[in-house]
**Student:** 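Can you keep this structure in mind? I'll have questions shortly.
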Amino acid sequence: MTDLLRQALRGAQQDPPRADALAPRTRVVVIGAGGALGSAVLAEALVAGRFQQVSALVAAPLTSTLRGLVPVTRAALEAGQAPAADAAIVVFDRERRSNGRDDAFEMPGPEQLLPLARLLQAQGTQRLVLLMPHAPAQLPQALAQGLASLDEAALVAMGFEHLVILRAARPAGTAPATQALQRLAQLWLDQLRWMVPTRQQPLRPAALARCVAELVMALPRTPPGTRVVAPETLWQWVQELEAGEGAAQGQSR
């Protein structure tokens, strides 16, 4: 997995290839584009020239859309009428931001993993990237680096050309506690957060989204297979990616 991440990192630090070298570019669909993390992933996918086509699963038909975005309803996906996508990015993040725009996007739960995967595979999608946030330091190391559920094992058996599971640390909830016991529990959890190693701390949504976009672009140039990325590996990759961008900006001055 480290080789795959480093290959994507090297590509991000190089000059953009010519337009003819990009064809045919990847067509990508983003599922779970609401909330801070999902919307950051969608924004990165929509960067001009990065993908041939960007679509997103919406809760209802939209009256207006972001530039370059193709909205897809669940009904269209189930009827096999959604635009073809070579790769899918599925973000399992229940947290929504306060603006109403995020409510327009479907926010799937982990229980919808297999049904969504079957629909995507029926549409011809062969590269699947799952962003699975979890509470910092509460996922056993063996599960952080391997399959964490029977659904994930069933997903592997479906035979996607590329399957990548990114286990990112989830930021702490911001909902206020309303009862004394809830406030006490929240205070205790806040104290424990200081004991979480730096490499297991949550990443900024924008930084994590950049990694996801670079990863999806790198997949067609890598051997097929299933890969699970632990929080520590993601953290290291973000540091290298940001260091490379800082060096490039310094050279351009």
**Student:** Using 0.5 Å steps for rounding, measure from the CD1 atom of Ile31 to the CD atom of Glu106.
**Tutor:**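 It is 8.5 Å, given to the nearest 0.5 Å.
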
**Student:** In Å, rounded to the nearest 0.5 Å, how long is the span from CG of Leu119 to CG of Leu77?
**Tutor:**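 Interatomic distance, Leu119 CG to Leu77 CG, rounded to 0.5 Å: 4.5 Å.
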
**Student:** Looking at every heavy atom in both Gln126 and Gly159, which two are closest together, and how far apart are they?
**Tutor:**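 Heavy atoms of Gln126 and Gly159 come nearest at OE1-O, 3.9 Å.
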
**Student:** Give the intermediate values and the outcome of side-chain contact (heavy atoms from CB on, under 4.5 Å) for residues Leu113 and Leu130.
**Tutor:** CA-CA 9 Å; Leu113 173 59; Leu130 305 179; 3.7 Å; yes

**Student:** Compare every heavy atom of Phe105 with every heavy atom of Ala33, then report the nearest pair and how far apart it is.
**Tutor:**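 Distance-wise, the nearest heavy atoms are CB-CD2, 3.7 Å.
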
**Student:** Got a second to check how far Leu163's CG is from Leu155's CG, nearest 0.5 Å?
**Tutor:**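 Leu163 CG to Leu155 CG: 5.0 Å, rounded to 0.5 Å.
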
**Student:** Rounded to the nearest 0.5 Å, how far does CD of Gln123 lie from CZ of Arg118?
**Tutor:**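 With rounding to 0.5 Å, CZ (Arg118) is 15.5 Å from CD (Gln123).
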
**Student:** Whether Arg50 and Glu214 form a salt bridge (side-chain N of Lys/Arg under 4.0 Å from carboxylate O of Asp/Glu) is what I want to check.
**Tutor:**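 Salt bridge present between Glu214 and Arg50.
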
**Student:** Quick one: salt bridge (Lys or Arg N to Asp or Glu O under 4.0 Å) pairs with a partner in residues 26-42, sequence neighbours left out?
**Tutor:**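 Pairs touching residues 26-42 that pass the test: Arg27-Asp86.
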
**Student:** Compare every heavy atom of Val90 with every heavy atom of Pro108, then report the nearest pair and how far apart it is.
**Tutor:**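 Reported closest heavy-atom pair: CG-CG1, 4.4 Å.
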
**Student:** If the test is side chain to side chain contact (heavy atoms under 4.5 Å, CB included), which one of Leu131, Val229, Thr233, Val228 qualifies with Arg167?
**Tutor:**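 Result: among Leu131, Val229, Thr233, Val228, Val228 is the only option passing the side chain to side chain contact (heavy atoms under 4.5 Å, CB included) with Arg167.
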
**Student:** Tell me the closest heavy-atom pair linking Pro223 and Arg227, and the distance in Å.
**Tutor:**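 Reported closest heavy-atom pair: O-NH2, 2.7 Å.
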
**Student:** Over all heavy atoms of both residues, which pair between Thr125 and Phe160 is shortest? Give the atoms and the distance, please.
**Tutor:**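 Residues Thr125 and Phe160, closest heavy atoms: O-CE2, 3.4 Å.
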
**Student:** Count I, L, V, M, F, W, Y as connected when their side-chain heavy atoms are under 4.5 Å apart, and connections chain through other members. Are Val41 and Val47 then in the same cluster?
**Tutor:**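 No, no single cluster joins them.
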
**Student:** Rounded to the nearest 0.5 Å, what's the gap from CD1 on Ile165 to OG1 on Thr226? Could you check?
**Tutor:**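 The OG1 atom of Thr226 is 7.5 Å from CD1 of Ile165, to the nearest 0.5 Å.
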
**Student:** Please list, chain by chain and in numerical order, all residues satisfying side chain to side chain contact (heavy atoms under 4.5 Å, CB included) with Thr73, sequence neighbours excluded.
**Tutor:**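 Only Val58, Pro61, Ala75, Ala76 meet the side chain to side chain contact (heavy atoms under 4.5 Å, CB included) criterion with Thr73.
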
**Student:** Over all heavy atoms of both residues, which pair between Pro205 and Ala36 is shortest? Give the atoms and the distance, please.
**Tutor:**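 Closest pair (atom of Pro205, atom of Ala36, distance): CB-O, 3.9 Å.
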
**Student:** Does Pro224 have any side chain to side chain contact (heavy atoms under 4.5 Å, CB included) partners at least two apart in sequence or in another chain, and if so, which?
**Tutor:**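 Pro224 satisfies side chain to side chain contact (heavy atoms under 4.5 Å, CB included) with Glu161 once adjacent residues are dropped.
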
**Student:** Find the distance between CG (Leu114) and CD (Glu152) and round it off to the nearest 0.5 Å.
**Tutor:**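 Going from the CG atom of Leu114 to the CD atom of Glu152 covers 9.5 Å.
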
**Student:** Start with the C-alpha gap between Val54 and Leu42, add the side-chain angles, then the distance that decides, and say whether side-chain contact (heavy atoms from CB on, under 4.5 Å) holds.
**Tutor:** CA-CA 8 Å; Val54 178; Leu42 181 60; 4.0 Å; yes

**Student:** Tell me if a side-chain donor or acceptor on Glu44 pairs with a main-chain N or O of Val212 at a distance below 3.5 Å.
**Tutor:**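 Side chain of Glu44 to backbone of Val212, a donor-acceptor pair under 3.5 Å: no, none is there.
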
